[in-house]
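Below, chain A is the first sequence line, B the second, and so on; all start at residue 1.
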There are 2 protein chains.
Amino acid sequence: MTILDSETKATEHSDDHGDELRLWLRLLTCTTLIEGEVRSRLRERFDVTLPRFDLMAQLDKAPDGMTLSDVSKRMMVSNGNITGLVERLVQSGHVDRRTSEVDRRVQVIRLTKSGRVEFRKMAAEHEIWIAEMFSDLGEKDVRELMRLLGKTKLSVRKAADGRVG
Amino acid sequence: MTILDSETKATEHSDDHGDELRLWLRLLTCTTLIEGEVRSRLRERFDVTLPRFDLMAQLDKAPDGMTLSDVSKRMMVSNGNITGLVERLVQSGHVDRRTSEVDRRVQVIRLTKSGRVEFRKMAAEHEIWIAEMFSDLGEKDVRELMRLLGKTKLSVRKAADGRVG
DNA sequence: CAAAATTACTTTAAGCATAAAATAATTGGA
DNA sequence: TCCAATTATTTTATGCTTAAAGTAATTTTG
């Protein structure tokens, strides 16, 4: 019977999900390690937090500015969160915020000149840190990991969307 | 000269780190997606947060209990964080906390009987959710991803340790 | 043995994050 | 036109997270 069951893979899914669980934990560990390292280096080197760095990275790609909603979607975080984050970046002089002329509900934010200069410095080092952390992986590994994570992303989205929409 | 430069790979590292950066962003996206999905399902189905679930998962593996420091190390979060998390789980009746008889600095925590029963239910569903999210990946993909992430983990640790210890 | 160092935990202050409710501006019909 | 629905953002309440400082118990050491 045991043999028979283990052969009955035709039924789409096996009931042993241990491998996927271990994969998820390993994925999480990698992300947590890298993120923690980036956070502490950003803090040490530039006295900046990761959320602020991420927000500035979005703005750096949008010379004409972005609305808070745009930022919120791109960063995959809540609206209310962005409000506070932007407020702190305005205080520190990295970001400029103004109300849109055409739609007074909308806030358009941009990097200030000095904010942009500072960000570029951070980004340059950041890129080196990341490369260093992945340096034991060969070109082929990087390509293959990229491919498998792309596949994972699609799979997760499918499972997530299937539940709501 | 351009050709010459691009051939000068003998100098260990190239200066283009774009691939690694893209890889990191994709890794982060995958983790964020999965984590977000798990968070919202835990909340909907069991009215529990991910940190509480994670803490209970640690305790489930330690029938004789753990000290707060143990938990802190295992979960890779700060001590102060654990204090608050445990306090809330004690309030909700999932966790039992007592001062060690042999060392009165030490707090030993365990799942309560009902906490364990509840956690096992959550864990069973959680495992299915994860398997579902990875379901587009074949066995070979899972194995390969596992291998590459293992390599990544080592690489990151090396880069991180190299900086401090 | 007593002072100093270490260990375990808690508290504090600040920031990040969310969901849900509130506010304010704009748009789309009837 | 006007008012209902929608959209953009802010506010509120709650919880997670950290680093740093504080407290208390134990261990080390002179």
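- Here the shortest heavy-atom pairing between B:Cys30 and A:Leu27 reads CB-CD2, 4.4 Å.
- What separates CD1 of B:Ile82 from P of C:dT10 is a distance of 10 Å, to the nearest Å.
- When rounded to the nearest whole Å, the span between CG of A:Asp70 and C1' of D:dT9 equals 13 Å.
- B:Leu42 places its CG atom 16 Å from the P atom of D:dG15, with the value rounded to the nearest Å.
- A residue-by-residue look at A:Arg105 and A:Leu85 shows that A:Leu85 has its nearest nucleotide of DNA chain C further toward the 5' end.
- Comment: B:Arg39 engages B:Glu35 in a salt bridge, judged by a side-chain N to carboxylate O separation of less than 4.0 angstrom.
- Which of C:dC16, D:dA8, D:dT10 sits closest to the side chain of A:Asn81 comes down to C:dC16.
- When rounded to the nearest whole Å, the span between CD of B:Glu87 and C1' of D:dT14 equals 15 Å.
- You'll find that the side chain of B:Pro51 is closest to D:dC16, out of D:dC16, D:dT18, D:dT10.
- Considering all non-hydrogen atoms of both residues, B:Lys151 and A:Asp136 come closest at CE-O, 3.6 Å.
- Phosphate contact (OP1/OP2 of C:dT26, side-chain N/O of A:Arg104, threshold under 4.0 Å): present.
- Heavy-atom distances to DNA chain C give each of B:Val108 and A:Arg52 a nearest nucleotide, and the one nearer the 5′ end belongs to B:Val108.
- The distance from atom CG of B:Leu50 to atom P of D:dT17 is 8 Å, rounded to the nearest whole Å.
- If you take CE on A:Met133 and CD on B:Glu20, they are separated by 11.5 Å, rounding to the nearest 0.5 Å.
- Looking at heavy-atom distances under 4.0 Å, B:Asp103 makes contact with sugar-phosphate atoms alone, never a base.
- With salt bridges taken as basic N to acidic carboxylate O contacts below 4.0 Å, one links B:Arg147 and B:Glu144.
- At least one side-chain nitrogen or oxygen of A:Ser69 sits closer than 4.0 Å to the OP1 or OP2 atom of D:dT9.
- Checked against C:dT18, C:dG15, C:dT10, the side chain of B:Thr83 finds its nearest nucleotide in C:dT10.
- Put simply, CZ on B:Arg43 is 6 Å from P on C:dA19, counting in whole angstrom units.
- A:Met76 has its CE atom 18 Å from the P atom of C:dC16, to the nearest Å.
- Within the 4.0 Å cut-off from OP1 or OP2 of C:dA8, not a single side-chain nitrogen or oxygen of B:Thr67 is found.
- Across C:dT18, D:dC16, D:dA25, the shortest atom-to-atom separation from the side chain of A:Val77 is found for C:dT18.
- At whole-Å resolution of the value, CZ in B:Arg39 and C1' in C:dC16 are 11 Å apart.
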